[in-house]
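Quick notes on the structure that follows.
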Amino acid sequence: MTPAAIEVITAPSSDETVARLEVHGFVDYDRADHFLALASRPLEAGPGLRALHLDCEHLDGLDSMGLAMVLMLHRRTTAAGVTLYLDQRSPALERLLDITGTLEYLVPGYTETPSTSTEPQAMAYRRTSDSASAADRSRPGGPEMSS
């Protein structure tokens, strides 16, 4: 089963300094360039734009290439003096941004709250045993040679 095609729909905004876009579908390797082209269009409208809001409520997800395109969009908006907002992020998107270390970078004013912790992330990289692995023991200068 292939993911749905990506759609970026312009949402109404009463403020001409603000552009609102709704993202629908899955941003993956095959659709990432198309997503970036569509999401970048408001930047071409002129110098009056100050904020670009991406409504992620209908975003089904993104892979590493999709995340790379969101980061590229962020670079483009920053260069144009426009603030990028990722609105209505799902818990899955929030977790992806947190795990990849891009949450604080992509979300203006984000501060870690007590409910947001890096502990599970740190645990994922911690050795599951306090004892050295067989590879460590067999390596010259391994744990058995410590003084």
Side-chain angles (χ1 to χ4, degrees), residues 1-137 139 142-143:
M1 184 171 106
T2 58
I6 191 73
E7 285 185 277
V8 178
I9 302 167
T10 303
S13 177
S14 59
D15 184 350
E16 57 192 44
T17 66
V18 176
R20 298 184 185 283
L21 303 173
E22 294 178 8
V23 182
H24 294 255
F26 194 93
V27 184
D28 63 1
Y29 178 83
D30 294 326
R31 295 162 183 86
D33 288 333
H34 183 63
F35 160 77
L36 183 61
L38 294 174
S40 297
R41 281 188 184 160
L43 299 175
E44 301 164 5
L49 190 65
R50 294 289 166 243
L52 176 59
H53 289 262
L54 286 184
D55 183 341
C56 300
E57 181 178 13
H58 303 286
L59 177 66
D60 296 329
L62 47 106
D63 67 5
S64 59
M65 185 60 123
L67 179 57
M69 292 302 108
V70 172
L71 290 166
M72 177 61 75
L73 180 62
H74 182 267
R75 283 191 286 277
R76 289 181 179 182
T77 57
T78 300
V82 175
T83 304
L84 176 64
Y85 295 92
L86 303 178
D87 299 334
Q88 299 194 51
R89 297 179 306 276
S90 69
L93 178 58
E94 191 91 4
R95 178 150 171 76
L96 174 71
L97 297 177
D98 185 35
I99 288 172
T100 59
T102 57
L103 186 61
E104 292 178 30
Y105 179 72
L106 288 172
V107 179
Y110 172 82
T111 55
E112 192 170 318
T113 61
S115 64
T116 307
S117 170
T118 57
E119 181 61 25
Q121 186 177 350
M123 290 177 67
Y125 299 106
R126 189 170 46 210
R127 191 184 308 251
T128 57
S129 170
D130 289 337
S131 63
S133 69
D136 288 340
R137 288 190 294 272
R139 221 177 309 149

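Here the structure is a predicted model, which means the values were calculated and not measured.
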Any chance you could measure [X], atom [atom1], to [Y], atom [atom2], to the nearest 0.5 Å?
X: Asp60; Y: Leu93; atom1: CG; atom2: CG; result: 11.5 Å
X: Arg75; Y: Leu84; atom1: CZ; atom2: CG; result: 12.0 Å
X: Ile6; Y: Asp28; atom1: CD1; atom2: CG; result: 8.5 Å

So which pairs with a foot in residues 40-49 pass side-chain hydrogen bond (donor to acceptor under 3.5 Å, both in side chains), sequence neighbours left out?
->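 side-chain hydrogen bond (donor to acceptor under 3.5 Å, both in side chains) check on residues 40-49 returns Ser40-Arg76.
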Does Tyr105 have any ring pair (Phe, Tyr, Trp, His ring centres under 6.0 Å) partners at least two apart in sequence or in another chain, and if so, which?
->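 Ring pair (Phe, Tyr, Trp, His ring centres under 6.0 Å) list for Tyr105, sorted by chain: His74.
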Applying ring pair (Phe, Tyr, Trp, His ring centres under 6.0 Å) to His58 and not counting sequence neighbours gives His24
Between Ser13 and Val18, is there a donor-acceptor pair closer than 3.5 Å when you use the side chain of the first and the backbone of the second?
-> yes
Looking only at heavy atoms, what is the nearest atom pair of [X] and [Y], with distance?
X: Arg31; Y: Phe26; answer: CD-O, 3.4 Å
X: Met69; Y: Phe35; answer: CB-CD2, 4.0 Å
X: Pro42; Y: Leu52; answer: CG-CD1, 4.0 Å
X: Glu22; Y: Ala11; answer: OE2-CB, 4.2 Å
X: Ala80; Y: Leu43; answer: CB-CD2, 4.3 Å

Who passes side-chain contact (heavy atoms from CB on, under 4.5 Å) against Ala37, sequence neighbours left out?
-> none
Using side-chain contact (heavy atoms from CB on, under 4.5 Å) as the criterion, list what pairs up with Leu67, not counting sequence neighbours.
->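 side-chain contact (heavy atoms from CB on, under 4.5 Å) check on Leu67 returns Leu62, Leu71, Leu97, Thr100, Thr102, Leu106.
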Residues Thr77, Thr83; criterion side-chain contact (heavy atoms from CB on, under 4.5 Å); working and verdict = CA-CA 6 Å; Thr77 57; Thr83 304; over 6 Å; no
Heavy-atom count around Gln88 CD within 6.0 Å, excluding the residue itself: above 12?
-> yes
What pairs of residues pass the salt bridge (Lys or Arg N to Asp or Glu O under 4.0 Å) test when at least one of them lies in residues 78-89, not counting sequence neighbours?
->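 Residue pairs passing salt bridge (Lys or Arg N to Asp or Glu O under 4.0 Å), neighbours aside: Arg89-Glu94.
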Take Asp55 and Val23 through the test side-chain contact (heavy atoms from CB on, under 4.5 Å) and record every step on the way to the result.
-> CA-CA 6 Å; Asp55 183 341; Val23 182; over 6 Å; no
Dump the intermediate steps for side-chain contact (heavy atoms from CB on, under 4.5 Å) on Val70 and Leu54, then the final yes or no.
-> CA-CA 10 Å; Val70 172; Leu54 286 184; 5.6 Å; no
Give a yes or no on whether a salt bridge exists between Asp98 and Arg95, defined as a side-chain N under 4.0 angstrom from a carboxylate O.
->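 Judged by the 4.0 Å cut-off on N to carboxylate O distance, Asp98 and Arg95 do not form a salt bridge.
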